[in-house]
Amino acid sequence: GEVSAPKAIPAFAPMSLLDALSAAGGLKPDASHSISILRKGVDQPLLVVLNSNPANALNQNIPLYPGDRVIVPRTGVVYMVGAVLHSGAFPITPDTPMTLTQAVAQAGGTGFQAQTSDTRIIRTTGATRREIRVNLSRVMGGKDADPILQNDDIVMVPTSLIKAAMKGGGIGIAIGLIYAV
């Protein structure tokens, strides 16, 4: 999985999860902290959620036995593009849902030129891509539900041409040219 040096680690006796992760080079930056352990004779995988609370350290550092498989998945991401202050990929975890409002906040908010009434969530399911139109102004105002985003969603906050022209001085220049003639 998402460790620096994925490999089989010889274990002739029980070893702790954190020792195994350390032997595999530690977690990559995009690794999920929800780790699955597949154990022979156990139908359901064991799920361990690593967090930074030292009080939970003993609960997280479970013993591993020979034959156990530790799976460290990549954390999901939501892509923010368009008229936001910081476009980019923002991590989400499978055990904590991310809403549209939270994603916009992580992107630093919308810029002056944003046309928030025409925000789109682009969602790919298999080979099918669809657009979900959202009025971000209404969501931020508490008038519409705040949609929960999914892994690999692309949130597009379009630019209002009029606001972009105003921000860039385009309207003032155009009006000045009209009166100059």
Side-chain angles (χ1 to χ4, degrees), residues 1-82 84-110 119 121-130 132 134 136 139-140 142 144-157:
E2 295 300 308
V3 291
S4 296
K7 60 184 172 184
I9 299 169
F12 303 105
M15 80 180 330
S16 73
L17 173 61
L18 296 180
D19 286 343
L21 292 174
S22 180
L27 299 175
K28 288 183 179 177
D30 60 349
S32 173
H33 287 197
S34 295
I35 297 172
S36 298
I37 300 168
L38 304 178
R39 185 165 284 163
K40 289 181 182 178
V42 178
D43 293 335
Q44 296 293 323
L46 302 170
L47 181 64
V48 177
V49 180
L50 300 177
N51 63 34
S52 58
N53 185 349
N56 296 335
L58 292 176
N59 295 339
Q60 297 170 12
N61 199 17
I62 66 169
L64 299 176
Y65 299 99
D68 283 357
R69 289 185 51 208
V70 178
I71 300 173
V72 181
R74 183 180 76 124
T75 189
V77 293
V78 170
Y79 301 93
M80 295 293 299
V81 295
V84 292
L85 295 182
H86 305 289
S87 292
F90 297 91
I92 59 173
T93 58
D95 54 331
T96 307
M98 179 187 287
T99 66
L100 176 60
T101 302
Q102 291 169 327
V104 169
Q106 284 191 9
T110 59
T119 300
I121 300 170
I122 303 165
R123 181 165 293 158
T124 305
T125 307
T128 306
R129 180 174 268 191
R130 66 184 176 118
I132 303 165
V134 179
L136 182 58
V139 170
M140 300 288 265
D144 287 349
D146 195 2
I148 295 175
L149 301 175
Q150 296 178 6
N151 184 33
D152 289 332
D153 277 355
I154 301 168
V155 177
M156 170 62 182
V157 180

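As the structure is a prediction and not an experimental result, all values here were calculated from the model.
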So, taking the atom named [atom1] in [X] and the one named [atom2] in [Y], what distance separates them when rounded to the nearest 0.5 Å?
X: D153; Y: R123; atom1: CG; atom2: CZ; result: 4.0 Å
X: D152; Y: R129; atom1: CG; atom2: CZ; result: 9.5 Å
X: E2; Y: I71; atom1: CD; atom2: CD1; result: 12.0 Å
X: Q60; Y: L17; atom1: CD; atom2: CG; result: 8.5 Å
X: T119; Y: M140; atom1: OG1; atom2: CE; result: 9.5 Å
X: L64; Y: R69; atom1: CG; atom2: CZ; result: 13.0 Å

Handout entry: side-chain hydrogen bond (donor to acceptor under 3.5 Å, both in side chains) involving R39 - partner list, sequence neighbours excluded
Key = D68
Show the nearest heavy-atom pair for residues [X] and [Y], with the distance to one decimal.
X: A20; Y: I9; answer: O-CD1, 3.3 Å
X: N151; Y: G76; answer: OD1-CA, 2.9 Å
X: V77; Y: I92; answer: N-CG1, 4.0 Å
X: V139; Y: A145; answer: CG2-O, 3.5 Å
X: L136; Y: T110; answer: CD2-CG2, 3.8 Å

Problem - Side-chain touch L27/H33, heavy atoms, less than 4.5 angstrom - result: yes
Practice task
State, with a plain yes or no, whether a side-chain heavy atom of M80 is found less than 4.5 Å away from one of V104.
Solution key: yes
Practice task
Give the intermediate values and the outcome of side chain to side chain contact (heavy atoms under 4.5 Å, CB included) for residues V81 and I154.
Solution key: CA-CA 7 Å; V81 295; I154 301 168; 4.0 Å; yes
Completion exercise
side-chain contact (heavy atoms from CB on, under 4.5 Å) test vs V48 passes for just one of N61, V70, I37, namely I37
Handout entry: Name of the residue among S36, S32, S34 meeting side-chain contact (heavy atoms from CB on, under 4.5 Å) with P73
Key = S32
Practice task
Look at the side chain of T99 and the backbone N and O of I148, then say whether any donor-acceptor pair between them is shorter than 3.5 Å.
Solution key: no
Practice task
Would you sort out whether L21 and L50 count as a side chain to side chain contact (heavy atoms under 4.5 Å, CB included), showing the intermediate values?
Solution key: CA-CA 11 Å; L21 292 174; L50 300 177; 3.9 Å; yes
Handout entry: Chi angles and distances behind the side chain to side chain contact (heavy atoms under 4.5 Å, CB included) call for V78, Q106
Key = CA-CA 10 Å; V78 170; Q106 284 191 9; over 6 Å; no
